[in-house]
Every structure is written in C-alpha cells, then in structure tokens.
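Report on the following structure.
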Amino acid sequence: MTARHWWWVGLIVGMALLVLTIVAFSAGLDVADQLGGVVGGVFGVGSFALSVVSALALRSSSGASGGGRPVVKATGPGSVAAGGDATGNATGTGSVVTGPTASASTHPPALRGPIADVEATDGGVAAGGSTRDNATRDNSRREVQ
C-alpha cells in the first residue's frame, strides 16, 4: 500500500473512533457497545473480502508480465535468454555443433516452458530451466561423441 492509502485508512478509523466516542458520551455506554460491535463486524467482513480479492489477484498474475507468463528478456550484444531448458547449444563467433543432441528434459510436462523470470544483459546467458551440454562465448565448440 502507498502512503496515500494509509492516510485514507487512518482517516476512516479515526472517524469511526470519533463517532464511537461521541455516542459513548451522549447516548451511553450500552449504545456505544452495540454500535461498536456492528462497526467491528462490518470492518471484519470487509477485511476478509479484501483479503480474498487480493489472494485471487496474486494467484492469477504470477510472473512479472501478468497473466501467469514469466518474463524472458535478452538485452545487449551477445545476450542469450531461454525461458525453459537450454540444452545442446554452442554460441559465439565460429561456433561448431557436432554429434547427437542431448537427451530431452526430465521435467514433467507441467513444468516445461518458462519456469521463472529470466533476463540476460550485455553478453550474459540465462535460462529458466535446466542447462546442460552447452558451450558459450566466442569461438565456442560443442562436440558430443
């Protein structure tokens, strides 16, 4: 919550306390007790509803890009980013790939694809899944016999 939100919360709670104090002195403690119970119940139900809405909003927007899809971003020269597995790759000037490719991922199908937010910058390499059987940087070479 921002500072502006906290000001509104403080204002509402302060007004409620002011009204209960005025009722307590003018109408008596019995009326103030009943009114305080009703106001407390209303705030309790409202707080519960707000927490349910917040939990559902967080659940439906996991990942920074929203909609449950993690962000995969490569910026800068020579950057490589993979949302899932990065297997059997050779990157860089004069790269050579020989031999059979590496075996398929052992992740269950539900976990395939982007697992986490991934970002590679300025020549970096990042992967959201597993990385094996790779050769990276200039003049890299991958040979599997």
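All values reported here derive from a predicted model rather than from experimental measurement.
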Neighbour count above 12 (heavy atom, 6.0 Å) for Asp122 CG: yes

Pair listing, salt bridge (Lys or Arg N to Asp or Glu O under 4.0 Å) test, anchored in residues 3-20, at least two apart: none

Heavy-atom pair of closest approach, residues Thr21 and Leu17: OG1-O, 2.8 Å

Remaining members of hydrophobic cluster (4.5 Å side-chain criterion), Phe25: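 Besides Phe25, the cluster holds no residue at all.
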
Co-members of the apolar cluster containing Val31 [side chain, <4.5 Å]: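 Members besides Val31, by chain and number: Ile12, Val19, Leu20, Val23, Leu35, Val39, Phe43.
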
Test side chain to side chain contact (heavy atoms under 4.5 Å, CB included) applied to Leu18 - qualifying residues, sequence neighbours left out: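 Side chain to side chain contact (heavy atoms under 4.5 Å, CB included) check on Leu18 returns Ile22.
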
Residues that Val52 engages under side chain to side chain contact (heavy atoms under 4.5 Å, CB included), provided they are two or more places apart: Phe48, Leu56

Would you give me the side-chain donor-acceptor pairs under 3.5 Å for residues 71-78, sequence neighbours excluded?
none

